[in-house]
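Data block below; observations after.
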Protein chains: 2
Amino acid sequence: MNINIDFVNKLRISGLRPTKQRLKICEVLFNTEKTFHFTVNDLSKIISEKLNQKISLATIYNTVHAFKKKGYLKEISMNSDKTYFDTNTTHHHHFFDSSTMKLIDLSDDQVEKIKINKALPGKKISSVEILVKIENE
Amino acid sequence: MNINIDFVNKLRISGLRPTKQRLKICEVLFNTEKTFHFTVNDLSKIISEKLNQKISLATIYNTVHAFKKKGYLKEISMNSDKTYFDTNTTHHHHFFDSSTMKLIDLSDDQVEKIKINKALPGKKISSVEILVKIENE
DNA sequence: TACTTTCTTTAGAATCATTATAAACTATAA
DNA sequence: TTATAGTTTATAATGATTCTAAAGAAAGTA
Ligand SMILES: [Mn+2]
Ligand SMILES: [Mn+2]
Ligand SMILES: [Zn+2]
Ligand SMILES: [Zn+2]
């Protein structure tokens, strides 16, 4: 199949060998219509329970971190004990639903330009992210 | 001293017994001109190293969480392995300096009104916080 | 193809922050 | 003073993440 060739290329270009573990993880993460948010535990469960495959947890961690380093994943800034990753690597913001513990994208153009009236000498801004916490009405 | 009486009252009002451990922690956290950010580890070190006092780590955790619950501390939404607390409990935003791993307040009035053009049915917003990551120029 | 090198995966151990346990201690009220 | 509920503490347990080191697989070379 073609999908796989794409992933093989993607990995090769990144200097990562296209192992079957990495290809499987690519399929789960990137062979979808929509982007999504996940924890390492989520990903591990999808692989073992839904796909009945066995990839060691160490490899899942290694791969997720490698993909993050290459810019194929983003780690999301929030607290709630859990660490979330995002397959949407464009600049965007988030809702965090405290009721469901789920993240929801808030695209950059759904937020009016953020203007910050405070400068810190010798420092430059590397990112500006909004976290909107929501709960049931 | 008067300071202590204030803290005794503060604790009593909150339904927390004014133990010497809690009073000591109050002094460290609230008997300062400026508000500040800290980790449990920071607080623990201030108590043991600067003040040469011995309060068990469990008590420090218990107290910090009790104070948070009472609204005397805020836990800050960010990732960076560390969990930060804030003695500034007013609504405000943060800079996070990746070079120093320190948080810097960004007051609400230093940010122009954030307008979000996305509503989620059945949900209400409980907070909106901005995290501005900065680094050396 | 055969051989070599480098990278990758893996099980299991180690780490580290945080939380739980349960016994000793202490503030408070009767 | 005594009883009660709340608090502190040492210590163990937990759970997410990282480390280790050996076995396995991909890539490069001839
Ligand atoms: Mn990480
Ligand atoms: Mn906490
Ligand atoms: Zn997202
Ligand atoms: Zn702050």
Side-chain angles (χ1 to χ4, degrees), chain A residues 4-5 7-29 37-48 51 53-70 72-73 75-85 101, chain B residues 4-5 7-28 37-48 51-70 72-73 75-85 101:
Chain A
N4 229 293
I5 290 170
F7 291 140
V8 168
N9 285 334
K10 186 183 178 122
L11 290 168
R12 284 239 171 78
I13 288 163
S14 317
L16 298 170
R17 289 182 182 174
T19 63
K20 64 178 187 305
Q21 291 86 346
R22 284 175 178 159
L23 288 169
K24 182 54 64 184
I25 292 173
C26 276
E27 273 180 48
V28 174
L29 297 181
H37 306 105
F38 65 95
T39 63
V40 166
N41 189 51
D42 293 338
L43 179 53
S44 169
K45 273 194 180 143
I46 291 168
I47 292 163
S48 64
L51 308 181
Q53 305 257 306
K54 162 79 190 160
I55 302 179
S56 83
L57 196 53
T59 298
I60 296 176
Y61 272 102
N62 288 343
T63 305
V64 164
H65 285 136
F67 287 1
K68 182 191 163 189
K69 198 166 179 180
K70 295 298 174 185
Y72 303 144
L73 289 175
E75 198 169 346
I76 293 173
S77 294
M78 24 167 297
N79 77 351
S80 84
D81 27 34
K82 290 190 183 182
T83 299
Y84 292 85
F85 290 89
M101 298 284 280
Chain B
N4 230 293
I5 290 172
F7 291 140
V8 168
N9 285 334
K10 185 181 179 126
L11 290 169
R12 284 238 171 81
I13 288 163
S14 317
L16 298 170
R17 289 183 182 173
T19 63
K20 63 177 188 305
Q21 291 86 348
R22 284 175 178 158
L23 287 169
K24 182 54 64 184
I25 293 173
C26 277
E27 273 180 48
V28 174
H37 306 105
F38 66 95
T39 64
V40 166
N41 189 50
D42 293 338
L43 179 53
S44 170
K45 273 195 181 141
I46 291 169
I47 292 163
S48 65
L51 308 180
N52 269 79
Q53 305 257 305
K54 162 80 189 160
I55 301 179
S56 84
L57 196 52
T59 297
I60 295 175
Y61 272 101
N62 288 342
T63 304
V64 163
H65 285 136
F67 286 2
K68 182 191 163 189
K69 199 166 179 182
K70 296 298 173 184
Y72 303 143
L73 289 175
E75 200 169 344
I76 293 174
S77 294
M78 22 168 299
N79 78 351
S80 83
D81 27 33
K82 290 191 183 182
T83 299
Y84 292 85
F85 289 88
M101 298 284 280

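Chain naming here is simple, since letters A, B, ... match the order of the sequence lines and numbering starts at 1 in each.
- In this structure, B:Glu75 places its CD atom 11 Å from C1' of C:dT18, rounding to the nearest Å.
- At D:dA10, one or more side-chain N or O atoms of B:Lys54 fall inside 4.0 Å of OP1 or OP2 (strictly under the cut-off).
- The separation between B:Ile55 atom CD1 and C:dC25 atom C1' is 15 Å, rounded to whole Å.
- In terms of phosphate contacts, B:His65 brings no side-chain nitrogen or oxygen within less than 4.0 Å of OP1 or OP2 of C:dT18.
- Partners of B:Thr59 by side-chain hydrogen bond (donor to acceptor under 3.5 Å, both in side chains), not counting sequence neighbours, listed by chain and number: B:Ser56.
- Here the C1' atom of nucleotide C:dT8 and the NZ atom of A:Lys70 are 14 Å apart, to the nearest Å.
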Dump the intermediate steps for side chain to side chain contact (heavy atoms under 4.5 Å, CB included) on A:Ile25 and A:Phe67, then the final yes or no. CA-CA 10 Å; A:Ile25 292 173; A:Phe67 287 1; 4.0 Å; yes
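- Listed by chain and number, the residues in a side chain to side chain contact (heavy atoms under 4.5 Å, CB included) with A:Asn62 amount to none (sequence neighbours excluded).
- Taking atom CZ of residue A:Arg22 and atom C1' of nucleotide C:dT8, one finds them 6 Å apart after rounding to whole Å.
- Rounding to whole angstrom units, CG of residue A:Leu57 and P of D:dG15 are separated by 14 Å.
- Evaluation of the side chain to side chain contact (heavy atoms under 4.5 Å, CB included) rule for A:Leu23 yields A:Asn4, A:Phe7, A:Val8, A:Leu11, A:Pro18 as partners, not counting sequence neighbours.
- Dashed line: the shortest gap from a side-chain N or O of B:Thr59 to OP1 or OP2 of D:dT9 is under 4.0 Å.
- One can place CD1 of B:Ile60 at 14 Å from C1' of D:dT7, the figure rounded to the nearest angstrom.
- Screening residues 9-21 of chain A for side-chain hydrogen bond (donor to acceptor under 3.5 Å, both in side chains) gives A:Ser14-A:Tyr72 as the qualifying pairs, with residues at least two apart or on separate chains.
- Contact between the side-chain N/O atoms of A:Gln21 and the OP1/OP2 oxygens of C:dT10 is found at a separation under 4.0 Å.
- Summarising the geometry, atom CZ belonging to B:Arg22 is positioned 4.5 Å from atom CG belonging to B:Leu16; distances are rounded to the nearest 0.5 Å.
- Contact between the side-chain N/O atoms of A:Tyr61 and the OP1/OP2 oxygens of D:dT18 is not found at any separation under 4.0 Å.
- One finds the OG1 atom of A:Thr39 at 11.5 Å from the CD1 atom of A:Ile76 (value rounded to the nearest 0.5 Å).
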Close N or O pairs between protein and nucleotides 24-30 of chain D (under 3.5 Å):
residue: D:dA26; atom: N3; partner: A:Arg17; partner atom: NH1; Å: 3.3
residue: D:dA27; atom: OP1; partner: A:Arg12; partner atom: NE; Å: 3.1
residue: D:dA27; atom: OP1; partner: A:Arg12; partner atom: NH2; Å: 3.1
residue: D:dA27; atom: OP2; partner: A:Arg12; partner atom: NH2; Å: 3.4

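- Here the side chain of A:Asn62 is nearest to one of C:dT18, D:dC19, C:dT9, namely C:dT9.
- Side chains of A:Val40 and A:Thr83 form no contact here, defined as non-hydrogen atoms less than 4.5 Å apart.
- Summarising the geometry, the separation between NZ on A:Lys69 and C1' on D:dT18 is reported as 15 Å, rounded to the nearest angstrom.
- Straight-line distance from the CZ atom of B:Phe85 to the P atom of C:dA17: 14 Å, rounded to whole Å.
- Within residues 37-48 of chain A, no residue has any heavy atom closer than 4.0 Å to DNA chain D.
- A 4.5 Å side-chain heavy-atom check between A:Leu43 and A:Leu29 finds at least one atom pair inside the cut-off.
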